[in-house]
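Throughout, protein chains are lettered first and strands after them, A, B, ... in sequence-line order, and every chain is numbered starting at 1.
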Amino acid sequence: MTIHWADVAAEKLAGQGPQTVATGITPSGQIHLGNMREVMTADAVYRALLDRGVEARLIYIADTYDPLRRLYPFLPKSFEEHVGKPLSEIPCPEGCCESYADHFLLPFFDSLDRLGIEPEVHRADRMYKEGLYVDVIKTALEKRDEIARILKEVSGRDLPQDWCPLDVICRSCGRLNTTKVVGFDLARETADYVCKCGHQGTASFSGGGKLAWRVDWPARWSILKVTMEPFGKDHATAGGSYDTGKRISEEIYGYSAPYPVVYEWIHLKGKGAMHSSTGIVVTIRDMLDVVPPEVLRYLIIRSKPEKHIEFDPGLPLLNLIEEYDRRAGEERTLELSTVGAEGPAQVPYRHMVTAVQIAGNDPEQLFAVLDRSGYDTTNRDQILSRASNVRAWLDRYAPPFVKFQLQETLPSKVKNIDPELREALGVLAGRIEGKCAEDIHNEVYAVAEERGIDGKKLFGAIYVAFLGQKQGPKVGWFLASLDEEFVKERLIAASAD
RNA sequence: GGGCCGGUAGCUUAGUCAGGCAGAGCGAAAGGCUCUUAACCUUUAGGUCGGGGGUUCAAAUCCCUCUCGGCCCGCCA
């Protein structure tokens, strides 16, 4: 019996007072599955804490005050002028949201909700503007030399003479990365700066700028009293931002660094790590179109955070879904993956792949097909939702050989079928009337046997006649789901020449 | 150059902290249900635990070393 990693972390933290589990992501682009690992990891530990009766909260800090680093491939050329501005101060790239940051945050929040993750949200720009950072900014400026020394000692990085832990926003051009702080006044809580754009001015500690990342992070820990935080392996390396953050937190802010959980990246099978700038991205919303939220949770919760996840949205995704649906995984993992009261699906995803393609977009037809196959269709909402998952999967990720399409007219390939097989199709046409799926299926075997034909070949011929390809869904059930006259006509047409 | 994480069956992996018979799922193969249609049942095969060395009665597990993959030591989750 293995203790789940979330419980291991929770056990370490138990008995140390109320816990604040923090996560943070910069909404600089589509928030993808890789990013989601951070939040899922935090949520798993949060749940594990609650399960053992520890008082805990889950917070999510949106780094909305980070500057836009560069013109990402998905942005219009016109956004060049916004590079360097805080994400919260840039307009929405598609004109539908209040800001650039919101454009990527809102769909992400929607996804979190569906995943059953309900963090308290803190937007960095608001925290700065509301003055929550004023004290930590003052301390950082006062102890600038000490911070610089820590950064040098831990990361080996030499900072320029005029380095300042506070980056200010130019009042004229709105950029964070083009200004230089030339002086500050702790009493008035302002900093003086010059900007490359030619402007010079004075910026307030409340919203006039932000701390450099390596200082911002530990400062935030002390402001929000963070006790546990997962982060990507980029921050975890020796000399990385956790190491410097830990020292800054303890020595500058007198606050113990949070308990770390380091997570690995999620790779897209055959393409490498997900990264918004490389275009190797599957967004959370994309995935939620294809799998139910429980399965997405399961994907992340079943792997230990330090293992990278090789994610393949093609055929192997079905294994993951079915492993979850059949409750084949480890019990605690399944428990932590649950969202609400929704149970596992009654209809296996794989079968749904066939059913959906037979039924097309007609829900009644779909229920008819499923009823015929003997599945429980009482939970109609769940079935429709799964069916819509399956359609999206077929559309985007399914390998060609699982797809089929009923041919409106007799496929020309029928001409290549052996005459004796075609004849058998004609015989079959006369034997399906009023028969149920299973009986039709049996007729196929019966006809093949009577005529001394290899059953395999006869099945193949049927598929060619209806789908134009050599394989397809289970024949009896497939034919039974179609209009009987249509089936007869098609079989006769295929047998004639 | 220095560091961090990972390498266990064809694939995904548990077990590594705290040494004690290498386990599971998927896939594969064989058989069964008068039935290949991605359905079900039964059974089987599959391993140099990345390589080498060391410690030990005993090593996937601890130590050293090499190697492969990924990442970090500017910025960035």
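An aromatic stack links A:Trp265 and the base of B:A77, using centre distance under 5.5 Å and interplanar angle under 30°.
Here side-chain hydrogen bond (donor to acceptor under 3.5 Å, both in side chains) pairs that include residues 159-168 of chain A, with residues two or more places apart or in two chains, are A:Asp162-A:Lys180.
Side-chain nitrogen and oxygen atoms of A:Lys304 include none within less than 4.0 Å of the OP1 or OP2 phosphate oxygen of B:U13. Taking side-chain N and O atoms only, A:Arg214 has a distance below 4.0 Å to OP1 or OP2 of B:C75. An OP1 or OP2 oxygen of B:U12 is reached within less than 4.0 angstrom by no side-chain nitrogen or oxygen of A:Ser303. Remark: A:Thr26 is in phosphate contact with B:A77, judged by side-chain N or O atoms under 4.0 Å from OP1 or OP2. The phosphate of B:A38 (OP1 or OP2) has a side-chain N or O of A:Thr354 nearer than 4.0 angstrom. Residue A:Lys233 places no side-chain N or O under 4.0 Å from the OP1 or OP2 atom of B:G6.
A:Ser303 pairs by the side chain to side chain donor-acceptor pair (under 3.5 Å) definition with nothing, not counting sequence neighbours.
Looking at A:Glu251 and A:Arg247, a side-chain N of the basic residue comes within less than 4.0 Å of a carboxylate O on the acidic one, giving a salt bridge.
Consecutive Watson-Crick or G-U pairing (both distances under 3.5 Å) extending over three or more pairs maps onto RNA chain B as B:1-7 with B:67-73, B:10-13 with B:23-26, B:28-32 with B:40-44, B:50-54 with B:62-66.
Place A:Gly232 and A:Leu151 on RNA chain B by their nearest nucleotides, and A:Leu151 ends up nearer the 5' end.
Using a 4.0 Å heavy-atom criterion, one finds that A:Arg37 contacts no nucleic acid atom at all.
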